[in-house]
Amino acid sequence: MAIPLVPKLLRAHLAELAENDERHDGRSRWEARDTELEIGVLPRAEGSAKVRIGNTIVYAGVKFQVMTPYPDRPNQGGLMCSAEVRPVAGPNWEPGPPSPESIELGRVVDRGIRESGCIDVDDLCIIPGEKAWQVILDLFAISDDGNLFDAFALAGIAAMRTAIIPQKRFEIGAEDRPLIVSKTPIMCSYQKVGGRFVYDADGKEELGGDERIHITLGDDGHVHSLQKGLRGIFTDDEFSEIMEQAQSRCKDLREMVNKAEEAG
Amino acid sequence: MGGYGDVQMLDENGLRMDGRNPADLRPISIETGVVPVADGSASIRWGTNYAIAAVYGPMECHPRKIQRQDRAVLDVRYNMAPFSTTDRMRPGFNRRSREVSKVTADALESVVLLEMYPRCKVRVEIEILCAEAGTRCVGLTAASVALAHAGIPMTDMVVSVASGKIHDVVVCDLNKEEDNYGEADLPMGILPNSGELVFLQMDGDLSPDEFKQAWDYNMEAATAIHEIMVEALKGGDS
């Protein structure tokens with residue numbers, strides 16, 4: 001990713017707003033932009049979702065492959081999650097092999113889903129030691145106006161929850177069956193802008209902001225993944241505050257996934 | 001172009017598997033402004049195909065070595081998303097996507113007034129999110145609309161469509177099954193206002209008469225598709 005110049009004016013402006021507890025688009029500190037979730041939007045994928053958060057738009061698609069189980073886990077299938085931010089998504093994203101930024105995106109979302117234990121990997125076994133299903137979750141950004149992390153995580157879990165294992169096409173079963181996803185891990189991201197953390201930073205706030213923290217919480221409020229990114233220092237008080245915010249926001253987003261699933 | 005085995009491509013009334021007449025296009029709808037952060041963008045649903053094109057620029061040309069003193073550089077990328085096909089597509093460029101990117105760039109360079117922006121770059125990003133058949137035509141058409149939406153000066157928009165042959169019958173706009181089992185494919189890039197061409201490929205087997213028929217189908221289809229493109233741009237979306 002090309003590193004854009006951060007104008008001092010932008011940083012000064014954001015800091016000034018922060019002093020009055022304001023944001024440049026009029027949101028309050030913990031307020032999200034308009035968030036929309038659609039499922040089943042990509043007919044070639046076995047599970048898919050589109051998420052729009054403000055002007056950030058991403059897709060997630062689930063595909064299946066047959067793999068040989070790892071020798072130390074002969075009864076288990078696998079999960080692979082990768083994020084691609086291609087130059088279509090914004091003027092600073094460049095072509096070429098995956099950038100460190102997009103690799104971090106994919107890995108943080110992957111950890112949240114994997115560590116929540118929502119996928120029963122034993123259920124993916126076809127023939128022990130020989131054949132198992134590999135679930136591949138591809139995250140694809142169309143428009144980056146900040147907070148790709150939350151958009152990817154939300155689209156990712158929604159796509160997984162609606163995925164169908166194509167047993168007929170692979171001649172492995174007589175009928176296709178749904179992928180069993182027992183939980184709904186949800187990510188909430190906070191970025192320090194003008195000296196204090198805000199929720200759902202947009203492109204401008206990312207550009208003029210400092211460190212960010214990503215929290216993935218499970219159904220029962222358990223923590224499944226954390227990531228601190230970019231240069232910056234934070235205190236334990238700051239962390240406790242955003243953790244509390246994340247607990248309530250995750251519930252709302254989980255409700256959104258459940259509703260989309262019921263409607264779809 | 002393989003044989004069709006025992007797959008029946010046309011019924012006794014000469015209708016195709018999806019109920020179309022030989023000259024019919026698949027349903028097409030176009031939307032502009034689908035990538036809010038881009039300078040111009042468009043999406044096309046064309047049958048089951050779904051493609052997005054985004055345009056960035058004119059902007060400073062990096063790296064400097066590709067800069068042109070007398071005109072802008074058109075940087076075109078065609079890519080298929082990993083979940084766009086039945087079997088997962090490995091991310092990254094392959095030989096096919098490089099070739100499609102190149103012929104798409106050649107077509108668009110023929111209409112964009114690049115001389116107006118010396119030493120600049122215009123980026124055109126084509127992403128196929130769901131592929132059926134004819135994705136290069138879908139991508140090129142989407143890119144034309146995105147360029148117009150970005151306000152990049154052009155002599156005309158490019159309308160791209162393919163015709164081909166199944167069971168010795170020439171048909172317009174092959175779908176997935178027809179493309180897999182068909183005997184020929186003739187994709188063209190047409191300038192609808194003048195009837196001139198900026199893109200042409202063909203593979204398979206066509207007699208001179210069949211070739212003429214396929215050519216004429218494409219020309220007729222281009223007029224119909226052009227209307228949809230113009231309507232989408234008039235939509236006033238962003």
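First the proteins, then the strands, lettered A, B, ... as listed; each starts at 1. Quick caveat: nothing in here was measured; it's all calculated off a predicted structure.
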Going through the checks in order, is the side chain to side chain contact (heavy atoms under 4.5 Å, CB included) test met by Cys130(B) and Arg44(A)?
CA-CA 6 Å; Cys130(B) 189; Arg44(A) 290 276 177 272; 3.4 Å; yes

Side chain to side chain contact (heavy atoms under 4.5 Å, CB included) for Leu139(A) and Phe83(B)? Distances and angles first, verdict last.
CA-CA 9 Å; Leu139(A) 308 167; Phe83(B) 41 68; over 6 Å; no

Candidate pair Leu42(A) and Leu129(B), rule side chain to side chain contact (heavy atoms under 4.5 Å, CB included), full reasoning:
CA-CA 7 Å; Leu42(A) 300 164; Leu129(B) 298 185; 3.9 Å; yes

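Within the 4.5 angstrom heavy-atom criterion, atoms from both the backbone and the side chain of Thr86(B) approach chain A. Heavy-atom distances place no part of Thr56(A) under 4.5 Å from chain B, backbone and side chain included. Proximity to chain A (any heavy atom under 4.5 Å) is restricted, for Arg77(B), to the side chain, taken from C-beta onward. If you measure heavy-atom distances from Ala38(B) to chain A, you find no contacts under 4.5 Å at all.
Between Val37(B) and Asp144(A), the shortest heavy-atom contact is CG1-O, 3.6 Å.
Using a 4.5 Å cut-off between non-hydrogen atoms, no part of residues 134-148 of chain B approaches chain A. Residues from residues 47-70 of chain B that place a non-hydrogen atom less than 4.5 Å from a non-hydrogen atom of chain A comprise Thr48(B), Tyr50(B), Ile52(B), Ala54(B), Tyr56(B), given in numerical order. Listed by sequence position, Arg123(B), Glu125(B) are the residues of residues 103-126 of chain B in contact with chain A, using a 4.5 angstrom heavy-atom cutoff.
Contact check on Lys63(A) versus Asp87(B) returns no salt bridge, with no Lys/Arg side-chain nitrogen under 4.0 Å from an Asp/Glu carboxylate oxygen.
Although no hydrogens or angles enter the test, the distance criterion places no donor-acceptor pair under 3.5 Å between the side chain of Arg88(B) and the main chain of Ile136(A).
Not a single ring pair (Phe, Tyr, Trp, His ring centres under 6.0 Å) links Tyr70(A) to another residue, sequence neighbours left out.
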